[in-house]
Amino acid sequence: MQPPPDETRREAAEDAQWSRPECQVWTGTLLLGTCLLYCARVSMPVCAAAMSQDFGWNKKEAGVVLSSFFWGYCLTQVVGGHLGDRIGGEKVILLSASAWGFITAATPLLSHLSSAHLAFMTFSRILTGLLQGVYFPALTSLLSQKVRESERAFTYSTVGAGSQFGTLVTGAVGSLLLDWYGWPSVFYFSGGLTLLWVCYVYRCLLGEKDLILALGVLAQGLPVSRHTKVPWRQLFRKPSVWAAIISQLSAACSFFILLSWLPTFFKETFPSSKGWVFNVVPWLVAIPASLFSGLLSDRLINQGYRTITVRKFMQAMGLGLSSVFALCLGHTSSFCKSVVFASASIGLQTFNHSGISVNIQDLAPSCAGFLFGVANTAGALAGVVGVCLGGYLIETTGSWTSVFNLVAAIGSLGLCTFLVFGKAQRVDLSPAREDL
């Protein structure tokens, strides 16, 4: 008697999962990959003030360059998950990393091709955004297929910590390179390390045969390997889904504004301060804050608190209290207090990972990757507008307070929406099973 198709696919998926040694190697490799992803991503914000001086950019023009990353980033979220399902997430990550590493390392060279520095820098950031946009959806696809369910939470949290480590590394090492050798050295550093990582993955974990097969699948246009139909119409009729999207949008937008403009804020407001201080301390705080929020969330749920109550509490910290500290940044002239407020705001924003990011999986575990792609696309689009609007507000008002007011307003919108409409019940089931 033949086993049911679902059971056959489940057994095949289990056979394809990594062994424990393989999982450990890949976890460390992907942690480093996520770190390098953010090293390349934050190179421009760290160098924005120095590049503005060299090229004569005003705040509006700098805002265009900083926001242009998200123009590309928002276009490839769903595509990344789709390709991850077709050819394997590790191959998507490797191919994209080789391209964004090269573009990052070549950015200083592009500035010498023409006097149109603004156009060339904007173009390079759009390409970087396009290539990095596939990373997290492909990563989600990869880990969901290769990691055992009992080990998935730890693996996700470990790999995700690379975002803070990468920002920390570029903030520390990049600030020193910026002071010692100028802004081009920061791009050479982050791009060069990415290309070395690609070489390691290619030679030690993948190979030419794997990549040729992957490219062959793309060329032949074979269908997606998964057999799950996404109930888009059913999902988007639910207020809780829209609450999750709006909250993710707010969280991403407020984070992107701070990520893009905080280095310039400290450089201009406190010109005698050391870059490694304000580019490092907030991310040193963010790493333990992120781990603590995950531990606290799981502990509260295990003690019997309702899942949605815990999710809303995490969002109150990640969008509410973090916005309060962002507001405080605009009302102090003390460097030490500014570093404390920035660290608190960035650190508390990591609580969103235990709130809205997990809530998307609560709502639709069968298609969480696609729903995450939709929500993150909305967040990236909001990031484009938010970062540009931040530069416009600074240029027209001459005050950084307006930017931090913008962050607080965006955070409050997302928090209020989630508190009113947020739920944790599944919405991806057929109507007859939703209430079971």
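Note that these values count all heavy atoms, side chains included, but never hydrogens, waters or copies made by symmetry. In this chain, numbering begins with 1 at the start of the sequence shown.
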Any side-chain to backbone donor/acceptor pair from Thr309 onto Tyr305? Under 3.5 Å, distance only. no
Below 6.0 angstrom between ring centroids: does that apply to Phe421 and Trp242? no
Sub-3.5 Å donor-acceptor pair from the side chain of Arg125 to the main-chain atoms of Arg41, do we have one? yes
Side chain to side chain, Trp100 and Thr104, heavy atoms closer than 4.5 Å: yes
Smallest heavy-atom separation, Ala378 atom then Ile245 atom, equals CB-CG2, 4.2 Å
Start with the C-alpha gap between Glu395 and Asn58, add the side-chain angles, then the distance that decides, and say whether side chain to side chain donor-acceptor pair (under 3.5 Å) holds. CA-CA 8 Å; Glu395 190 71 24; Asn58 58 33; 4.6 Å; no
Please report whether the ring centroid of Phe265 lies less than 6.0 Å from that of Phe404. yes
What I want to check is whether the side chains of Ser322 and Ser345 have a donor and an acceptor closer together than 3.5 Å. no
Apply ring pair (Phe, Tyr, Trp, His ring centres under 6.0 Å) to Phe418 and list each qualifying residue two or more places apart in sequence or on a separate chain. none
Hey, are the side chains of Met121 and Thr107 touching, using non-hydrogen atoms and a 4.5 Å cut-off? yes
Please answer whether the main-chain N or O of Ala244 pairs with a side-chain N or O of Ser247 as donor and acceptor at a distance below 3.5 Å. no
For the atom pair CD1 (Ile103) and CD (Gln132), what is the distance rounded to the nearest 0.5 Å? 9.5 Å
Are any side-chain N or O atoms of Thr350 and backbone N or O atoms of Gly347, one a donor and one an acceptor, separated by less than 3.5 Å? yes
Could you tell me whether the side chains of Tyr73 and Thr128 share a donor-acceptor contact shorter than 3.5 Å? no
Any sub-3.5 Å donor-acceptor pair from Asp179's side-chain atoms to Leu176's backbone N or O? no
Mark yes or no for whether Ser260, through its side chain, and Ile257, through its backbone, hold a donor-acceptor pair below 3.5 Å. no
For Thr332, is there any backbone N or O sitting under 3.5 Å from a side-chain donor or acceptor partner on Lys337? no
Nearest 0.5 Å, please: how far is NZ in Lys91 from CG in Leu94? 10.0 Å
Can you find a pair of side-chain heavy atoms, one from Ile93 and one from Leu30, that are under 4.5 Å apart? yes
Non-hydrogen side-chain atoms of Phe102 and Leu131 separated by less than 4.5 Å: no
Check whether the ring centres of Trp71 and Phe123 lie less than 6.0 Å apart, and answer yes or no. no
Sub-4.5 Å side-chain heavy-atom contact between Glu268 and Trp400: yes
Using atom types as modelled and distance alone, determine if a side-chain donor or acceptor of Thr76 lies under 3.5 Å from a backbone N or O of Leu130. yes
Is the closest side-chain donor-acceptor distance between Ser190 and Ser43 under 3.5 Å? yes
